[in-house]
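In what follows, a single structure is set out as structure tokens and then discussed.
Just the heavy atoms: all of them, side chains too, but no hydrogens, waters or symmetry mates, feed the values below.
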Amino acid sequence: MLKNGKLKLPDKLGGLVSGFDDKEMKNGGSDPVLESGEELEIMEPNGIELGHKENAYEFDDLVNDTDVDNEDAFRTRKRPDKDGSGQVSVMEVIAADEKRSDVEYELSQKEINLEKLRRIASMGLPDGGGLRATAWKLLLGYLSPSHDLWEKELTENRQKYAMLKEELLLSPSEYTRVKEDAMISAELSGEHDDAGPLKRQGISHGDHPLSIVKASAWHHYFKHTEIAEQIDRDLLRTHPDMKFFSGESSFSKKNRVNAEADSFSCFVRLLSDSVDHFCQQLDNSPVGILSTLSRLAELLKENDEELWKHLEFTTKVKPQFYAFRWITLLLTQEFNFQSILRIWDSLLSNPFGIQDMLLRICCAMLLCMKSRLLSGDFAANLRLLQHYPDINIEHLLRVAQDLSADTSSYSLSL
């Protein structure tokens with residue numbers, strides 16, 4: 001709805017920043033600023049004011065923003081540091097709100113302009129309101145550009161995931177019982193549906209939990225449950241300081257089922273252009289991880305031959321020693337969580353694919369540490385690159401975007 005020339009969106013698209021009307025211009029007409037420690041007043045469209053939490057992150061950006069009942073998502077923003085080192089210009093806040101309005105407007109359209117959404121996302125998506133989650137689903141192709149199809153697509157994909165879990169994680173005896181009950185119910189109702197995501201073979205009388213035959217249904221079941229248990233352990237180790245990933249927060253408990261289904265489907269799409277990196281048999285192939293590391297070295301050579309020679313020949317710090325983790329984990333271990341979100345905005349919005357932008361960022365990480373790397377030996381440089389220091393992320397991304405080499409040929413499209 002348009003009101004006073006501005007787009008009025010549903011409540012679930014997030015809060016609005018208010019409280020600047022009474023701010024006066026100071027310092028000789030310069031932009032007014034918010035002193036460090038002065039919190040922004042965050043207002044929900046329904047008038048409810050939410051408190052701030054220090055170092056709070058926008059977890060609703062990562063999960064089911066498209067659900068109709070997702071009204072109580074976190075709506076807080078990170079406040080300035082208490083040490084007085086940071087000031088937030090009113091003009092910066094206005095610019096951020098304008099970007100939020102742009103994203104909200106694009107996502108409210110009946111047909112989403114993906115090219116325009118990519119341009120906006122490449123500059124960083126706004127926190128809160130589930131905007132990043134919706135944008136990422138669109139950029140990954142999990143949601144189609146047609147807004148009217150979203151509810152149907154989400155329902156179908158979540159049902160498929162539930163069926164896949166049932167197929168892989170129910171024990172053979174439980175699976176047989178469920179299928180038999182379903183067949184009896186279908187026969188009684190006169191309905192027959194043979195469709196399904198996977199077809200499990202019938203369980204023979206000789207198949208049992210102690211069977212060591214690899215083709216055994218029980219053998220596959222134990223293998224799948226072992227993987228599921230490993231995933232659970234990995235989740236607990238993913239940012240253990242954040243309750244969201246441990247499933248302890250009320251928000252994560254409410255959205256657990258759909259978040260799991262959506263995350264799985266997005267994760268499959270996310271890794272579609274790098275899955276060969278995790279296959280040892282393909283390490284030395286043109287699509288393997290060693291080939292990708294070589295492309296990074298070539299990109300560095302193209303942009304700074306001096307630094308390339310120093311790392312490659314003088315100190316012999318090979319990309320395998322530091323960039324293997326950068327590439328395979330998409331930089332998630334090198335930066336704080338908020339910076340990772342910003343980096344992934346650029347990764348997912350790159351028109352040439354994730355790998356293209358990923359290699360650019362990795363190369364930029366080296367260029368931004370050039371002086372320290374040129375003065376360092378093998379041990380110092382390896383320590384620096386394996387424990388990458390804090391850096392201005394926007395500057396890093398600008399350097400990555402401005403690299404001279406055209407690496408679009410390196411990318412494997414989504």
Any donor and acceptor pair, going by atom type alone, linking the side chain of Tyr388 with main-chain N or O of Met365 inside 3.5 Å? yes

Side-chain heavy atoms of Asn381 within contact of Phe321, under 4.5 Å: no

Evaluate the criterion side chain to side chain contact (heavy atoms under 4.5 Å, CB included) for residue pair Ser122 and Asn350; output intermediate values, then yes/no. CA-CA 7 Å; Ser122 68; Asn350 184 38; over 6 Å; no

So Ile289 and Gln320, do their side chains get closer than 4.5 Å, heavy atoms only? no

Report the distance from atom NZ of Lys301 to atom CG of Leu299, rounding to the nearest 0.5 Å. 12.5 Å

Could you tell me if the side chain of Trp136 sits less than 4.5 Å from the side chain of Leu125, heavy atoms only? yes

Separation between SG of Cys266 and CG of Leu139, rounded to the nearest 0.5 Å: 10.0 Å

Can you check whether Met369 reaches Pro389 side chain to side chain, under 4.5 Å on heavy atoms? yes

Before accepting this row, confirm whether a basic side-chain N of the pair Arg119/Glu115 lies closer than 4.0 Å to the acidic partner's carboxylate O. yes

Short question: side chain of Arg158, backbone of Ala261 - any donor-acceptor pair under 3.5 Å? no

With a 4.5 Å heavy-atom cut-off, do Lys370 and Leu367 have their side chains touching? no

Would you find a donor on one side and an acceptor on the other, under 3.5 Å apart, between the side chain of Ser265 and the backbone of Asp262? no

Does a donor on one side chain sit under 3.5 Å from an acceptor on the other, for Arg342 and Ser346? yes

Taking everything shown except Phe267 itself, do over 12 heavy atoms lie less than 6.0 Å from its CZ? no

Over all heavy atoms of both residues, which pair between Ser285 and Leu282 is shortest? Give the atoms and the distance, please. OG-O, 2.7 Å

For Ala323 and Leu293, work out which heavy atoms get closest and say how close. CB-CD2, 3.7 Å

Would you check if the side chain of Arg325 reaches a backbone N or O of Thr332 as a donor-acceptor pair within less than 3.5 Å? no

For the pair Ser291 (side chain) and Val287 (backbone), establish whether a donor and an acceptor sit closer than 3.5 Å, ignoring hydrogens and angles. no

Nearest atoms (heavy-atom pairs only) where Leu107 meets Trp150: O-CH2, 3.9 Å

Take Leu373 and Leu385, measure what side chain to side chain contact (heavy atoms under 4.5 Å, CB included) needs, and give me the verdict at the end. CA-CA 9 Å; Leu373 290 171; Leu385 296 178; 4.0 Å; yes

What do you reckon, is CD of Gln280 surrounded by more than 12 foreign heavy atoms closer than 6.0 Å? no

Can you name the closest pair of heavy atoms from Ser144 and Glu153 and give their distance? OG-OE2, 2.8 Å

Rounded distance (nearest 0.5 Å) linking atom OG1 of Thr328 with atom CD of Gln333: 9.5 Å

Within the side chain of Gln230, is there an N or O that forms a donor-acceptor pair under 3.5 Å with the backbone of Glu226? no

Which atoms form the tightest heavy-atom contact between Val399 and Cys368, and what is the distance? CG2-SG, 4.1 Å

For Glu312, enumerate each residue passing the side-chain hydrogen bond (donor to acceptor under 3.5 Å, both in side chains) test, keeping only those at least two apart in sequence or located in another chain. Lys318

Asn303 side-chain N/O to Leu403 backbone N/O, donor-acceptor pair under 3.5 Å: no

Less than 4.5 Å apart, side chain to side chain, heavy atoms only: is that true for Arg100 and Val103? no

Kindly indicate whether the side chain of Gln109, heavy atoms from C-beta on, has any atom under 4.5 Å from the side chain of Tyr105. yes

What is the distance from atom CD1 of Ile361 to atom CZ of Phe335, rounded to the nearest 0.5 Å? 8.0 Å

One pair to check against side chain to side chain contact (heavy atoms under 4.5 Å, CB included): Gln355 and His277. What are the steps and the verdict? CA-CA 11 Å; Gln355 288 297 304; His277 290 166; 3.3 Å; yes

Which pair of heavy atoms, one from Asp345 and one from Ala121, lies closest together, and at what distance? CB-O, 3.3 Å

Ignoring hydrogens and geometry, is there a side-chain-to-backbone donor-acceptor pair from Lys99 to Met123 under 3.5 Å? yes

Please check if the side chain of Gln401 supplies one atom and the backbone of Arg360 the other of a donor-acceptor pair under 3.5 Å. no

Might you confirm whether atom CG of Asp390 has over 12 heavy atoms from other residues, nucleotides or ligands at distances under 6.0 Å? no

Between Cys362 and Leu331, is there a side-chain heavy-atom distance shorter than 4.5 Å? yes

Leu311 CG to Leu382 CG distance, which is reported to the nearest 0.5 Å: 10.5 Å

Can you tell me how far CD1 of Ile327 sits from CG of Leu358, rounded to the nearest 0.5 angstrom? 6.0 Å

Donor-acceptor contact below 3.5 Å, side chain Trp344 vs main chain Leu330: yes

Working for side chain to side chain contact (heavy atoms under 4.5 Å, CB included), residues Ser146 and Glu111: CA-CA 5 Å; Ser146 179; Glu111 288 291 327; 3.3 Å; yes

